Amino acid sequence: MKKLYYGVAYYDEYMPCDRLDEDIRMMKDAGINVVRIAESTWSTMEPRPGYFDYSHIDRVLDAMYKAGIDVIIGTPTYAIPSWLEKMHPEVMADTKQGRRPYGARQIMDITSPAYLFYGERVIRKLMEHVCNHPAVIGYQIDNETKYYGTSGNNVQRMFVRYLRDKFGTTDALNAAFGFDYWSNRVDAWEDVPDVRGTINGSFAAEFEKFQRSLVTDYLSWQASIVREYARPDQFVTHNLDFNWTGYSNGIQSEVDHDRVAECLDIAGCDIYHPTQASLTGIEIAQSGDQTRSLKNAPYLVLETEAQGFPSWTPFPGQLRLQAISHLASGAEMVEYWHWHSIHNSMETYWKGLLSHDFKPSAVYQEAKTVGKEFAKLSGSLTGLHKENKVAILVSNIALTSLKYFPISGGMFGGKLDYNNVVRWMYQTLYHMNVGVDFIYADSLKEGADLSKYSLICIPALYAAPESLLRTLLSYEENGGTLLATFKTAFADENIKVYHDEAPHILSQAFGLSYSQFTVPENVTLDGIGGGEAAINWMELLIPENGTEILSRYDHPYWKAYAAITRTNYGNGHGYYIGCHAGEKVLSALMTEALKTAGVDTPFAGCPVTVRQSVDGEGRKVTFLLNYSMQPVEVTVPASVNLLTDEQYTDGAGVTLPDWGYLIIRE
Amino acid sequence: MKKLYYGVAYYDEYMPCDRLDEDIRMMKDAGINVVRIAESTWSTMEPRPGYFDYSHIDRVLDAMYKAGIDVIIGTPTYAIPSWLEKMHPEVMADTKQGRRPYGARQIMDITSPAYLFYGERVIRKLMEHVCNHPAVIGYQIDNETKYYGTSGNNVQRMFVRYLRDKFGTTDALNAAFGFDYWSNRVDAWEDVPDVRGTINGSFAAEFEKFQRSLVTDYLSWQASIVREYARPDQFVTHNLDFNWTGYSNGIQSEVDHDRVAECLDIAGCDIYHPTQASLTGIEIAQSGDQTRSLKNAPYLVLETEAQGFPSWTPFPGQLRLQAISHLASGAEMVEYWHWHSIHNSMETYWKGLLSHDFKPSAVYQEAKTVGKEFAKLSGSLTGLHKENKVAILVSNIALTSLKYFPISGGMFGGKLDYNNVVRWMYQTLYHMNVGVDFIYADSLKEGADLSKYSLICIPALYAAPESLLRTLLSYEENGGTLLATFKTAFADENIKVYHDEAPHILSQAFGLSYSQFTVPENVTLDGIGGGEAAINWMELLIPENGTEILSRYDHPYWKAYAAITRTNYGNGHGYYIGCHAGEKVLSALMTEALKTAGVDTPFAGCPVTVRQSVDGEGRKVTFLLNYSMQPVEVTVPASVNLLTDEQYTDGAGVTLPDWGYLIIRE
Amino acid sequence: MKKLYYGVAYYDEYMPCDRLDEDIRMMKDAGINVVRIAESTWSTMEPRPGYFDYSHIDRVLDAMYKAGIDVIIGTPTYAIPSWLEKMHPEVMADTKQGRRPYGARQIMDITSPAYLFYGERVIRKLMEHVCNHPAVIGYQIDNETKYYGTSGNNVQRMFVRYLRDKFGTTDALNAAFGFDYWSNRVDAWEDVPDVRGTINGSFAAEFEKFQRSLVTDYLSWQASIVREYARPDQFVTHNLDFNWTGYSNGIQSEVDHDRVAECLDIAGCDIYHPTQASLTGIEIAQSGDQTRSLKNAPYLVLETEAQGFPSWTPFPGQLRLQAISHLASGAEMVEYWHWHSIHNSMETYWKGLLSHDFKPSAVYQEAKTVGKEFAKLSGSLTGLHKENKVAILVSNIALTSLKYFPISGGMFGGKLDYNNVVRWMYQTLYHMNVGVDFIYADSLKEGADLSKYSLICIPALYAAPESLLRTLLSYEENGGTLLATFKTAFADENIKVYHDEAPHILSQAFGLSYSQFTVPENVTLDGIGGGEAAINWMELLIPENGTEILSRYDHPYWKAYAAITRTNYGNGHGYYIGCHAGEKVLSALMTEALKTAGVDTPFAGCPVTVRQSVDGEGRKVTFLLNYSMQPVEVTVPASVNLLTDEQYTDGAGVTLPDWGYLIIRE
């Protein structure tokens, strides 16, 4: 982007009265310079089949252009009009729970020919109509796309063809998935059973992988249609989102972000998170780091909350800190969902920047400050990049495998999921002020050069192909440092457990093996574990000669086994933690690993959150973010305050107010 | 009624042996003078289509008549015979969860022509047969009727017609319900989607309102059939019940009691409640006050528990106190469900007055005392009325709206429902010994004269038409006092949020507005709030000039806002509490409001529960009810003990035993 | 059996590589002398309809025979191939939740003609092929068979015929089930409604009884087919299992074990249980006693865990103690499920004797010790029997009745189920080191001679026919001692509550009656109850003259009633406990009852678990089992240590290590 964008999603369609001029006046006052429109408004744009009404779009585009506000056009396809469902009931996703009823968004079958036919038509009509409008800077294809559980007959027929292409013979399929078990073996492709009833995790997980590929195909198809119309100066993006646990959290299990990113010019996402006393910045940082890593480039926050849920009504100062934190992760656009709080339906209590009364509330007043600061910072905070030495390696194959083979309980449940382990690792590094990239393992080429990272962290890479494991081993052999958790390298990409010692191939990287594991009860960790409890899962590690035991299990019967180890392999180093534990234990281990890996952590002891980028001229830009209810004094190096232009001498003390921030350039 | 009735539901059909004579002997011993029969016995009365067997009815009617026990005939329609379902499977309700299977009661489609055809025939046959029997004093039409989730194609076709009648055009419908959101807009009536899948709360709530109207229609239809046969001296009633949370609780969300009452001669209801250490009298009082208010007249308790659940086995004295408490609310009949405990099926452990062994148990012995006391009190406790100065205004539209827009969490859940807020308010007044009427807002005419009340309490009137809000404003303007809680006057009757300041129209009545709200965390209330915690919900109130702040939020960021306020408007006064809290806070506020409203509370400090009525000669009749396990001494005014005829001088002390009572007339 | 068998389930079909020779080498090393094969491998044996492949079976049979390892052949029918479901979708069970989808095992309709046709063919083909192989010692028909909820149209048509046979007329049916209630009465057999929707517990429970009979029929059918081929020296068994609450627990509610046992030569079962700190031996003992009692003869443990769930990874010593404990209950075979941990699908984390890496782990090493000890003990521990004086009387009719009329809450829930009461009783006796048999009441003939028992314990025999109650009364009259809990003899075998005093008929046996009951709140037990709390349920017992009150309820209102009583009747004695309580209360009561019954309890105070058998020469064989993490010293009588041949003098002290054992013969 050429400047920092501050924006909102705007729905003229949802207004209970004519507000456009007044809204634009208030937007300008608040420094808003971009809006996203049209997304999800199919029934308004095409109220009956083949009849197109562009009036809302036209009047908004013209008014915004006049006001100097740029516009992103969203294709309207993620919510369908009722006439389409009435004509073609089969557009609704046929899922494990049966055909979904019309009503909600995001429950259609994204492979349905009827959906694709009408979807393509409305996209083309829209594009024809808007592509030459001078206000339009880019396009968002669809929104938060998933596969919505689609698994009807058409999808399963495609899936069997996919299996045939992948395995060639049913014998190969039977072997890979262990179909002999419980008499599931098939000797004819037409006997492959409906996957919705299966108890075979390999089969079920492969189907999810196939379903994720449908999302990639679908979005690539939309992108290619949009590109037929888009001007060279207009971008194509998509609003990626993350798993949801009451807020944005971790790897999106229904979409391969790394695959989808290939069809986008610039990555976009939405990030939602708790505020008030629960505002920590972690979700903003982690989701931002995940998104930035997709293209190793600036990205767009296409949606984030202004007020959101009632329980998220921000404390004074929080809206401003949040906006700056997105920039600190590498975003160049921060857009609220949405301008005005909606007066009907599902999201009435997911509030926008304005409340239902449209009056200038406390939150709107704070947005005015943000708008001014974005304008001031625009020159110095665009075109930044990161030079992180630490990466976290993630995988949707591993994530899905742990859904079917959960960490704590085998087939009978488990409470610690893959994203919890990723978060455990991310959060520990976040609290240590260590900058992190994400490596998307599933699209990593064998033998890929990972040497720009000094330390690669591997959370619970339960299922992985040998090619990936060899790549990691070779990274370590060539001098890299690996730090892996329990449940790494246990099964292959078909979730067949490797039948030699665990962890497969990486046994060498970590200098250990194990064949027993259990759920810890009254087990603590000595040594580097500092007496903390092992929780949820523990592997009874047997170190090889030369492997250093950093912690053992303190327990009458398990004390013979190691819990945390370090070894050397080739020119590199391997750290392994065989159990889950609190952040304190991982932090101690991480400190060791960072030291071994030679990663410099200048702001490690700083009492506030610190995030760093590098500008086009190679200068470090440092964001100091006070995520607390108290003022905090920080010590800064020789630098300039990018907001106030104030110059600091090295070691100067600066006090950040509660929820305050400071951006300096060295 | 001409006398107090003490009775039981009697099912000769369910008897494992011939007991009629012995049962009547035991009834007479216990002072029982009325039984309800025939309700729910369709399959016995019409064991095959068109073949009618009145033998059970005849023998019971004759025997009761001979014994001088009056009989209420219940139409048998609320449970259907299996032959009807076998012939016409479509009589089973088609619900959100699909077609209900045959088995339980109350799961038929009350609009099904087959059900109505056979239902009408069995009613007419029954009426022809019994209407001239001298034992019969009245009729109960159906039982605890609801709409049972009926929402099949026939119902939805009717609903679309209803929408067309209401809105005229789809544009008006789209605007009222906000159908543009998530592409739900329709431009043809035939495109209105199946409501069962909707995420639009306006649409869903309107459907529930429509479904409630089906109940009104159905019961009016039954009443009109029964009236073709009923003698002038026979009444028509219905057994209304209340929401259920393990016991009778609050406004019945599936029935508009106020509408249904129009087709009845006298209101009837069932009231169930915990006993033992959990017996408080609140359910008896609240449900009774709700029922009495329907016609501002005495009512019938057609069912209440003798023993009920195993965990409700009454302590000695409780059965007697309960019976008197019903009279204290204005009932003139107390009828147990049921005479004998049933030996098979669903309600084997919902025990009647007799246990399964038919022996005279401790509970039966206590009933004998009650029977004697009813006989003694019959002359002085019939024809009473209430002259309450305080009313609680309730609305099923508001209730339903908060089901779709729950208090604490917007679209994502909420634990405080409408009836909790009603109960909070009712219970506070109950504990202050303040007599209360209920005003049913949904059938209140605009401009209705409410001036007989000095104080109207408004729990969470979330959705309300402007006409109602104007009526309330005008009540206050003319000198009335309003006391409203959070979540009042936020949305219109279509649950579209009003898009000016909240509370809509009543902003003036309370002298405040707000546009922010949240879920309190570590927030206490100063001033009249006495340091108690705000819980579940808080609005950040901004008072106008002249509005008195009775309490503020004690919190680092929210202390700028008011929590509880008082203002004057016209000749009246408005109190508003913007958050939920414990009973103590509401009690303090209520005390203020009662003082302002000039409501006299003579028994406010009395250590037992006090309920008052007025007899036909204008004399106050006061019930003192000791809901505790300890004897309590009370001070009484100059009066006569209606049970013992003892005369008390003013200020006399009387000791009530545990679970004891005293009824005096001044 | 002629020797003690130590074995594993072996699945050549599931192997990721050729392991047979190496596996046999490791088995021999571990003393394994039997394997079970073929069970559940239908799709491998008949990969397409009519094409049979015996290669896995042949190679394993030949190799085992060569190695001197005996083989049990399991018929493969409990999991079906996908081709069968593709050809005949109706083979999947049609249940209350609809037709089950293909995938899991044990979800077919065991009455489906298509299933039976193909099932019979594969059994006959297998039997023809293997019956003459010298390695084969016996057959297991199917596995853990249940009825899998089958309740489709075919099953319900059979059920109506069954009802007609049982009741003769619909009038009799209506009377027995109380169908008049809620208009469920039928006057034509074709009007009997689909049982899946019923709210009538009598009807629902009768259907479950009918469903259990389908299991008996099915297994008898399989047994008769297998017997056409089996050699005289080969046995037919079945792998019975128990209810499941995270582990094997109590009476199997879906199978009448006593009926099924009639078609078996020897009873077999699987027993799974927690280990680590939760290893108590109770599940091994109770399930074993249940199984042994079926034929009053030694039995086979066809499956038990080696490692099982991750949380069950055994502590060192536990595997060995478990194996010996099975022998102590009367087993002559202990077979692990399974040899190797499976690399795919549902039970990947239900680990076998070998882990996924096939390496000799710590658990395998311990199995080698067990194998050696089995070989040593084989001569002295085969052909044992028990001479217990105490029996627990159990009934699936009672169990099912309490499912529909749960103990604590009538129709509205309940947390204490039948098997909890059985376990409460069993566990108390187990902790007192009292040996116990089980009496299966449902197949007990009226007037059966029970005089070999001095004490019969009756847990919650809620529903029972009069014939059974008369048998029990007569047992007491003739000198026996009965000890019954609450909820005994309340309803007949159709779950119609008896309409005279409770407990029906047994009122005399216990010298009491009651007609009130409740859920205790703040109630303690005096006298023998030792101040402990009554929990979950309490009956307000009214003792007759001559009945001794051992404990009363300590409560302001319930103290008038008895809680625990003793009486004499005829030459015998009756103990009754009207409430649930902790083990301490029952233990005190049991001590009294054992004394009265004259049962000798020589090891009652022993600090470890003691189990006794008698060998073919009438000598007592005593197992002392240290279920604890500490060494314990025990005092032994004059005896010989069967493992070490060491001789002990009377009163000698022997120290058992943690999880250690000692077997002595007097």
Side-chain angles (χ1 to χ4, degrees), chain A residues 96 170 174-188 190-204 404-412 490-492 494-502 513-522 537-538 540 556-558 560, chain C residues 11 13-17 40-45 47-48 51 56 76 78-83 85-86 92 100-105 107 246 276-278 307-313 315-317 340-351 354-359 361-363 629 658:
Chain A
K96 202 164 178 170
T170 53
N174 289 321
F177 288 178
F179 263 168
D180 299 287
Y181 171 83
W182 280 4
S183 203
N184 277 192
R185 186 177 187 89
V186 295
D187 87 324
E190 65 270 26
D191 284 344
V192 173
D194 190 324
V195 67
R196 289 177 288 195
T198 197
I199 45 68
N200 184 298
S202 297
F203 187 37
Y404 290 99
F405 297 91
I407 290 175
S408 300
M411 66 182 174
F412 298 99
F490 200 74
D492 70 14
N494 296 313
I495 325 190
K496 186 186 221 39
V497 173
Y498 286 115
H499 60 87
D500 58 358
E501 70 282 316
S513 68
Y514 64 93
S515 69
Q516 288 187 291
F517 37 73
T518 191
V519 179
E521 227 176 280
N522 301 317
W537 187 257
M538 60 185 281
L540 304 179
Y557 296 109
W558 307 137
Chain C
Y11 299 98
E13 296 82 354
Y14 299 174
M15 281 292 162
C17 53
S40 92
T41 63
W42 191 345
S43 74
T44 326
M45 193 184 315
R48 68 194 67 169
Y51 172 91
H56 286 292
Y78 99 127
I80 65 171
S82 73
W83 56 255
E85 186 268 343
K86 291 282 179 186
M92 305 311 297
R100 302 293 302 271
Y102 181 83
R105 62 181 177 183
I107 54 173
Q276 296 191 3
S278 303
Q307 300 188 75
F309 287 128
S311 57
W312 291 0
T313 303
F315 289 160
H340 83 282
S341 300
I342 302 177
H343 298 79
N344 285 98
S345 209
M346 199 74 181
E347 291 176 311
T348 300
Y349 282 88
W350 186 286
K351 290 177 70 190
L354 299 192
S355 290
H356 298 98
D357 62 1
F358 296 112
K359 304 252 162 79
S361 67
V363 170
M629 290 173 70
D658 53 327

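Computed from a predicted structure; not experimentally measured. All chains are named by letter (A, B, ...) in the order of the sequence lines, taking the proteins before the strands, and each is independently numbered beginning at 1.
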- Message: Quiz question: by atom type and distance under 3.5 Å, do the side chains of A/Ser202 and C/Asn344 form a donor-acceptor pair?
- Response: yes

- Query: Would you say the side-chain atoms of A/Tyr181 and C/Glu13 include a donor-acceptor pair closer than 3.5 Å?
  - Reply: no

- Task: Counting only heavy atoms closer than 4.5 Å, note whether A/Val195 contacts chain C via side chain, backbone, both or neither.
- Result: neither

- Which atoms of A/Ala176 approach chain C - backbone, side chain, both or neither, heavy atom under 4.5 Å: backbone

- Item | Distance-only side-chain donor-acceptor flag, C/Ser361 / A/Gln516, under 3.5 Å | no

- Message: Does any backbone or side-chain atom of A/Pro520 lie under 4.5 Å from a heavy atom of chain C? Answer side chain, backbone, both or neither.
- Response: neither

- Output, in order, the C-alpha distance, side-chain angles, deciding distance and verdict of side-chain contact (heavy atoms from CB on, under 4.5 Å) for C/Gln276 and A/Tyr557. CA-CA 10 Å; C/Gln276 296 191 3; A/Tyr557 296 109; over 6 Å; no

- Message: I'd like to know whether C/Arg105 forms a side-chain contact (heavy atoms from CB on, under 4.5 Å) with A/Ser183, so could you lay out the CA-CA distance, the side-chain angles of the two residues, the decisive distance to 0.1 Å, and finally the verdict.
- Response: CA-CA 8 Å; C/Arg105 62 181 177 183; A/Ser183 203; over 6 Å; no

- Message: Please report the interatomic distance NZ(C/Lys359) to OG(A/Ser513), rounded to the nearest 0.5 Å.
- Response: 6.5 Å

- Task: Look at the rings of C/Tyr349 and A/Trp537 and say which category their plane angle falls in: under 30° parallel, 30 to 60° tilted, over 60° perpendicular.
- Result: perpendicular

- Who among C/Pro101, C/Pro76, C/Ser311 has the most heavy-atom pairs with chain A under 4.5 Å? C/Ser311

- Note on the structure: Most contact-rich option vs chain C, by heavy-atom pairs under 4.5 angstrom, among A/Pro193, A/Ala175, A/Ala204, is A/Pro193

- Query: Do you know which of A/Gly178, A/Gly201, A/Ser515 has the most heavy-atom pairs under 4.5 Å to chain C?
  - Reply: A/Ser515

- Could you go step by step and tell me if C/Lys86 and A/Asp191 meet the salt bridge (charged side-chain N to carboxylate O under 4.0 Å, His left out) rule? CA-CA 7 Å; C/Lys86 291 282 179 186; A/Asp191 284 344; over 6 Å; no

- Message: As an exercise, state the distance from CZ of C/Phe358 to CG of A/Asp500, rounded to the nearest 0.5 Å.
- Response: 10.5 Å

- Query: Where does A/Phe203 contact chain C at under 4.5 Å (heavy atoms): side chain, backbone, both or neither?
  - Reply: neither

- Message: For A/Asn494, which atoms come within 4.5 Å of any heavy atom of chain C: side chain, backbone, both, or neither?
- Response: backbone

- Query: Looking at side-chain heavy atoms only, is the closest gap between A/Lys496 and C/Pro16 below 4.5 Å?
  - Reply: yes

- Query: Does the side chain of A/Asp180 reach to within under 4.5 Å of the side chain of C/Thr44, using non-hydrogen atoms?
  - Reply: yes

- Message: Suppose we screen for ring pair (Phe, Tyr, Trp, His ring centres under 6.0 Å). Which residues come up paired with C/Tyr78, at least two apart in sequence or across chains?
- Response: none

- When A/Glu521, A/Met538, A/His499 are compared by non-hydrogen pairs under 4.5 Å with chain C, the top option: A/His499

- Go through the atoms of C/Met629 and report whether side chain, backbone, both or neither lie under 4.5 Å from a heavy atom of chain A. both

- Message: Below 4.5 Å, heavy-atom pairs only: which of C/Ile107, C/Ile342, C/Ile80, C/Val363 has the largest tally toward chain A?
- Response: C/Ile80

- Query: Can you tell if the side chain of C/Tyr102 reaches within under 4.5 Å of the side chain of A/Asn184, non-hydrogen atoms only?
  - Reply: yes

- Task: May I ask you to test the A/Ile199-C/Ser345 pair for a side-chain heavy-atom distance under 4.5 Å?
- Result: yes

- Message: Ring-plane angle category for A/Phe517 and C/His356, please: parallel below 30°, perpendicular beyond 60°, tilted otherwise.
- Response: parallel

- Query: Got a second to check how far C/Met346's CE is from A/Thr198's OG1, nearest 0.5 Å?
  - Reply: 9.5 Å

- Note on the structure: Closest non-hydrogen contact found for A/Arg185 with C/Ser82 is O-OG, 4.3 Å

- Message: If I take atom OG1 from residue C/Thr313 and atom CG from residue A/Leu540, how far apart are they, to the nearest 0.5 angstrom?
- Response: 7.0 Å

